[in-house]
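Everything below concerns the one structure shown next.
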Amino acid sequence: MEWMKHIEKYGSLIQSDMDNVGMAANISDYNLLKSYGQDLVNDTQSGLDENSNYTLSPKYQEAQNEWVQALTDLNSAGKYIVMSADESLAYGVPVRNLDYEQKIQNYVVSSTGHMNRASALLEGT
């Protein structure tokens, strides 16, 4: 039950971070984008650190592994969001780094798959 509270807590934080990243990207505010991207990095890292405090029964370990993969992917996406924002801030104009954009998209899609699998596994228990 405590681990489920952990998932709810960090799920909400991460959803808020992602909403904020999207808003900052939509208005091309790279200072905000950098800040919100760093929030995503920090929150996912805190979630990963806290997750390591939980020892679950074998029944839940696969779901926990999927959760860890989702957090890891979003942590990587956050790092690329920060690097992308830094690049635009350094040049003083919006810069589209297609490599960063592709990596961000791939990590977000992958994390969504892991979260969906974790949810499905938990519903089946």
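Between the side chains of Gln38 and Asn42, a donor-acceptor pair is found at a separation under 3.5 Å. In this structure, a donor-acceptor pair under 3.5 Å is absent between the side chains of Tyr30 and Glu87. Judged by distance alone, the side chains of Asn75 and Thr44 do bring a donor and an acceptor atom under 3.5 Å apart. Judged purely by distance below 3.5 Å, without hydrogens or angles, the side chains of Ser84 and Asn97 never pair a donor atom with an acceptor atom. Between the side chains of Asn106 and Gln102, at least one donor-acceptor pair of N or O atoms lies under 3.5 Å.
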Audit row: Glu101, Leu98, side chain to side chain contact (heavy atoms under 4.5 Å, CB included) steps and yes/no: CA-CA 5 Å; Glu101 288 179 23; Leu98 298 179; 3.9 Å; yes

Trace of the side chain to side chain contact (heavy atoms under 4.5 Å, CB included) decision for Leu71 with Ile14: CA-CA 9 Å; Leu71 291 178; Ile14 291 165; 3.2 Å; yes

Side chain to side chain contact (heavy atoms under 4.5 Å, CB included) between Met18 and Leu74, worked out: CA-CA 9 Å; Met18 293 298 290; Leu74 286 173; 4.2 Å; yes

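Placement of Leu33 and Leu13 within a single hydrophobic cluster is found when ILVMFWY residues are connected by side-chain heavy-atom separations under 4.5 Å, directly or transitively. Residues Val21 and Val95 do not share a hydrophobic cluster, clusters being chains of Ile/Leu/Val/Met/Phe/Trp/Tyr side chains in contact below 4.5 Å.
In this structure, CG in Leu40 is found 10.5 Å from CD in Gln15, a value given to the nearest 0.5 Å. Interatomic distance, CG of Leu122 versus NZ of Lys59, reported as 10.0 Å (0.5 Å rounding). One finds the CD atom of Gln45 at 8.0 Å from the OG1 atom of Thr72 (value rounded to the nearest 0.5 Å). How far CG of Leu48 is from CD of Gln69: 9.5 Å, rounded to the nearest 0.5 Å. Between the OG atom of Ser35 and the CD1 atom of Ile81 there is a distance of 12.0 Å, given to the nearest 0.5 Å. Between the OH atom in Tyr100 and the CG atom in Asp86 there is a gap of 9.0 Å [rounded to 0.5 Å].
Under the ring pair (Phe, Tyr, Trp, His ring centres under 6.0 Å) criterion, Tyr107 pairs with no residue, sequence neighbours left out.
In this structure, the side chains of Ile27 and Met23 come closer than 4.5 Å at one or more pairs of heavy atoms. Under the 4.5 Å side-chain criterion, counting only non-hydrogen atoms from C-beta, Tyr54 is in contact with Gln64. In this structure, Tyr36 and Asp19 have side chains that are not in contact, with every pair of non-hydrogen atoms separated by 4.5 Å or more. Side-chain contact check for Met115 versus Thr112: every heavy-atom pair is 4.5 Å or farther apart.
Taking the six-membered ring for Trp and thresholds of 30 and 60 degrees, His6 and Tyr10 have ring planes inclined between 30 and 60 degrees apart.
Counting only distance, with no hydrogens or angles, the side chain of Ser88 and the backbone of Ala85 share no donor-acceptor pair below 3.5 Å.
The residues Glu2 and Lys5 are annotated as salt-bridged, a charged nitrogen and a carboxylate oxygen being separated by less than 4.0 angstrom.
Shortest non-hydrogen contact noted between Ala118 and Ala63 is CB-O, 3.7 Å. Heavy atoms only, all atoms of each residue included: Asp73 and Ser110 are closest at OD2-OG, 2.5 Å.
Annotation: Glu62, atom CD; neighbour count of heavy atoms from other residues, nucleotides and ligands within 6.0 Å does not exceed 12.
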